[in-house]
Amino acid sequence: MKIHEYQAKELLQAAGAAIPEGIVVDSPAAAVEAFDQLGGNPVVLKCQIHAGGRGKGYFKGYQEKPKPGEKTKLGGVKYLTNRDEVAQVAEIMLKYPLVTLQTTEEGQKVSKLLVQAAADIEREIYVGMVLDRAAGMPVLMACAEGGVDIEEVAAHSPEKILKNFVAPETGLHPFQARKVAFQLGFTGDQVAKAEKILMALSHVFLDKDCSLAEINPLVVTKQGDVLALDAKMDFDENALFRHPDIQAMRDLSEENPIEIRASKANLNFIQLDGNIGCLVNGAGLAMGTMDIIKYHGGEPANFLDVGGGVTPEGASEAFRILMGDPKVKAILVNIFGGIAKCDLIAEALVKAGKEVGFKVPVVVRLQGTNVDKGRQILKESGLNVLTADGLTEAAQKVVAAAKGQ
Ligand code: ADP
Ligand code: MG
């Protein structure tokens, strides 16, 4: 689960990091008021959406898509010096969807702006923590060349990214933080300021079960301050039950409506780009099903794990979700009846099929407990289901069906 920049900064601040002053607003009038409250000094107006790359984004409908290499006329982060500009720019930002490299082509509607005191930037640094799955522990990454071009640095000069593993039991050690601060070129009293931010980043990452926590840029100002200017966080949803404070930060308007609906039904659902809907019980089987669909030349429309102990209600809701997606041209139901019995799943499918109708071909592969009873139920339902015994046969049938063969 992702949160907004202003929320991520609140967490960092609570853990001891220095951040610039800022006020969150939802209208141009409130933006002007915030500008006044911040002393009438230069501010940066920042669109609060869950996607990054806002600075280089553009507003769809307000301006043409910038050509490669062309500078955007107005991005989702804008430096402004007077009230009139603040009012005008806030109006545009709250009216047109913002398109960035991390949003869809349609862009994301902006409902909140962060009015932030502008910093006099001397240099921009990148620091971030992620889980290194190969090493099996969190890793702190840092780069002296931070800012909006970090992806290019990572792609062309990966050796410039410093990596330090962080033991989850202890968190980042102060000596590690100091070493990184020196490596990033901090000197004098800035070393301690940088260390404090690095320690805060590690604390938030571990205490809140983040899968990603990033400060880009961490800046040094001309006055010698060290500040977290931008922050991005992603949380492990399986650990959210431990963090009501983080759950309260959820902004559903930023999330895919189908995925929200699926999560309410306790389904693990991720939308993909293909046209074959998958309904599978168990994450491993779901991965295997996607692989075999691709192996036979098809493209999955989603990852969907209805869970090992799938209920008839869960299965019907999953089916309705897949049938409701206009991109889905065929559906593969692949169920291994263990805790959930095949006959129960078959009944749920028949019920859902009768309710919503089979608008696209449905291939069903059932195996496991009560499989014969399950197949019988499907056969007697009168519904037009294609059955398959093995996974290969099922994949071949569904790929052909999606192609209209
Ligand atoms: P994004 O990463 O989504 O593009 P950032 O918050 O990192 O958004 O902003 C992009 C760039 O805008 C930063 O690298 C920095 O140069 C500048 N910027 C952002 N906030 C401020 C600020 N408060 N003062 C001055 N410049 C800023
Ligand atoms: Mg940034």
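The first residue of the sequence shown is numbered 1, and numbering continues consecutively from there. Atoms within a ligand are numbered from 1 in the order they appear, just like the ligands themselves.
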Look at [atom] and find which of [options] reaches it with the closest heavy atom.
{"atom": "atom 1 (P) of ligand 1", "options": "R54, K232, Q102, Q116", "answer": "R54"}
{"atom": "atom 10 (C) of ligand 1", "options": "I49, V115, V148", "answer": "V148"}
{"atom": "atom 6 (O) of ligand 1", "options": "K9, E5, K46", "answer": "K46"}

(request) Work out which heavy atom in V86 is nearest to a heavy atom in V43; give both atom names and the distance. (result) CG2-CG2, 4.1 Å
(message) Using every non-hydrogen atom in the two residues, find where K2 and H50 come nearest and quote the distance to one decimal.
(response) O-CE1, 3.1 Å
(request) Output yes when the distance from some N or O of ligand 1 to some N or O of A119 is under 3.5 Å, and no in every other case. (result)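 Right, the criterion is met.
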Please write down residue, atom name and distance for the protein heavy atom closest to [atom].
{"atom": "atom 26 (N) of ligand 1", "result": "I121 CD1, 3.4 Å"}
{"atom": "atom 22 (C) of ligand 1", "result": "V44 CG2, 3.4 Å"}
{"atom": "atom 15 (C) of ligand 1", "result": "E124 OE2, 3.3 Å"}
{"atom": "atom 18 (N) of ligand 1", "result": "L229 CD2, 3.9 Å"}
{"atom": "atom 4 (O) of ligand 1", "result": "G55 N, 2.8 Å"}

(message) Could you check whether any heavy atom of A118 sits closer than 4.0 Å to an atom of ligand 1, since that is the contact criterion I want to use?
(response) yes
(request) Assess G75 for proximity to ligand 1: is some non-hydrogen atom of it under 4.0 Å away? (result)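 Checking ligand 1 against G75, which is what was asked, there is no heavy-atom contact under 4.0 Å.
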Which ligand 1 atoms does [X] reach within 4.0 Å, using its non-hydrogen atoms?
{"X": "D230", "answer": "1 (P), 2 (O), 5 (P), 6 (O), 7 (O), 8 (O)"}
{"X": "V77", "answer": "8 (O), 9 (O), 12 (O), 19 (C)"}
{"X": "N216", "answer": "7 (O)"}
{"X": "A117", "answer": "23 (N)"}
{"X": "P217", "answer": "7 (O), 13 (C), 14 (O)"}

(message) Do Q102 and K232 pair up side chain to side chain, a donor and an acceptor below 3.5 Å, judged on atom types alone?
(response) yes
(message) Any donor-acceptor pair under 3.5 Å linking the side-chain atoms of Q7 with those of D251?
(response) no
(message) Distance to the ring centre below 6.0 angstrom and angle to the axis at most 45 degrees; does that hold for R123 and F186?
(response)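 Yes, R123 and F186 form such a contact.
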(message) Using a 6.0 Å distance limit plus a 45 degree cone around the ring axis, check whether K73 lies over the aromatic ring of Y62.
(response) yes
(message) If I take every N, O or S atom of D230, is at least one of them less than 2.8 Å from the Mg ion (ligand 2)?
(response)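 A backbone or side-chain N, O or S atom of D230 is under 2.8 Å from the Mg ion (ligand 2).
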(request) Without swapping roles, check the side chain of Q367 against the backbone of D389 for a donor-acceptor pair under 3.5 Å. (result) yes
(request) May I ask you to check whether F358 and F319 place their ring centres under 6.0 Å from each other? (result)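 Yes: the rings meet the under 6.0 Å criterion.
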(message) Looking at K163 and D132, is any side-chain nitrogen of the basic one under 4.0 Å from a carboxylate oxygen of the acidic one?
(response)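 Here D132 does not pair with K163 in a salt bridge, since their nearest N and O are not under 4.0 Å apart.
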